[in-house]
Amino acid sequence: MPTRNADALEMARDCLGSRARRLERVLTRIYDGAVREQGVTAAQVSMLVAIELGGPTNAAWVGRRLELEKSTVSRNLARLAAAGFVEDRDGLRVTARGAAVIRTCYPLWKQAQKQAEALLGPSAAKLLSGIETKGEKP
């Protein structure tokens with residue numbers, strides 16, 4: 001019968017969920033570092049991109065598309081709206097100022113993408129690229 005330490009060791013060593021959370025933190029640091037000087041986080045840029053592609057849309061669609069909790073969507077939308085990057089008149093949409101942020105962040109994102117791909121290696125990068133996004137246009 002395995003001991004508690006053996007069970008804990010196996011869980012610490014083999015847990016895919018823990019490894020995925022660790023990977024998420026590492027990738028977040030890479031992408032956040034790339035766009036930090038623009039006054040946004042990588043998650044906010046992703047939200048701007050989703051709104052740009054889905055807009056005019058609504059917060060619920062953004063949450064489904066990005067698989068985010070309602071409170072996370074609300075908090076980030078409030079910050080994006082306060083910065084003048086999105087507006088919610090006749091549907092949620094990216095403003096001209098928000099579109100400029102997307103354009104400015106694009107080369108920074110490309111650089112972070114290369115860094116992330118180098119860290120992951122080709123097979124892991126391909127595996128992650130195969131994960132489909134959710135949500136349809138409202």
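Predicted model only: the values in this text are computed from it and were never measured. FYI, side chains are in, hydrogens and waters are out, and symmetry mates aren't considered; it's all heavy atoms of this structure.
When the side-chain contact (heavy atoms from CB on, under 4.5 Å) test is applied to Glu52, the partners found at least two apart in sequence or on another chain are Val94, Ile102. Under the side-chain contact (heavy atoms from CB on, under 4.5 Å) criterion, Leu119 pairs with Val26, Ile30, sequence neighbours left out. Under the side-chain contact (heavy atoms from CB on, under 4.5 Å) criterion, Glu69 pairs with Ser71, Thr72, not counting sequence neighbours. By the side-chain contact (heavy atoms from CB on, under 4.5 Å) test, Ala60 pairs with Asn58, Arg64, sequence neighbours left out. Taking Arg103 as the reference, nothing meets the salt bridge (Lys or Arg N to Asp or Glu O under 4.0 Å) condition, with sequence neighbours excluded.
Rounding to the nearest 0.5 angstrom, the gap separating the CZ atom in Arg65 from the CG atom in Leu53 is 6.5 Å. Atom SG of residue Cys105 and atom CZ of residue Arg36 lie 12.5 Å apart, to the nearest 0.5 angstrom. One distance of note links CD of Gln111 with OH of Tyr106; it measures 13.0 Å at 0.5 Å rounding. Residue Leu48 holds its CG atom at 5.0 Å from CG of Leu80, rounded to the nearest 0.5 Å. Note that CZ of Phe85 and CD of Gln38 are 9.0 Å apart. Values are rounded to the nearest 0.5 Å. Residue Leu108 holds its CG atom at 8.0 Å from OG1 of Thr104, rounded to the nearest 0.5 Å.
Residue pairs that meet the side chain to side chain donor-acceptor pair (under 3.5 Å) test with at least one member in residues 79-92, sequence neighbours left out, are Glu87-Arg89. For residues 10-31, the set of pairs meeting the side chain to side chain donor-acceptor pair (under 3.5 Å) definition, not counting sequence neighbours, comprises Ser18-Arg21, Glu24-Thr28, Tyr31-Gln113.
Listed here is the closest heavy atom pair of Leu68 and Met47: CD1-CE, 3.8 Å. Closest approach of Leu27 to Ala116, counting heavy atoms only: CD2-CB, 3.6 Å.
Asp32 places no side-chain N or O within donor-acceptor distance of the main-chain N or O of Thr41, the cut-off being under 3.5 Å. In this structure, Thr95 contributes its side chain and Gly84 its backbone to a donor-acceptor pair below 3.5 Å.
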Q) Please walk me through it: do Leu120 and Leu23 pass side chain to side chain contact (heavy atoms under 4.5 Å, CB included)? A) CA-CA 9 Å; Leu120 292 170; Leu23 176 61; 3.5 Å; yes
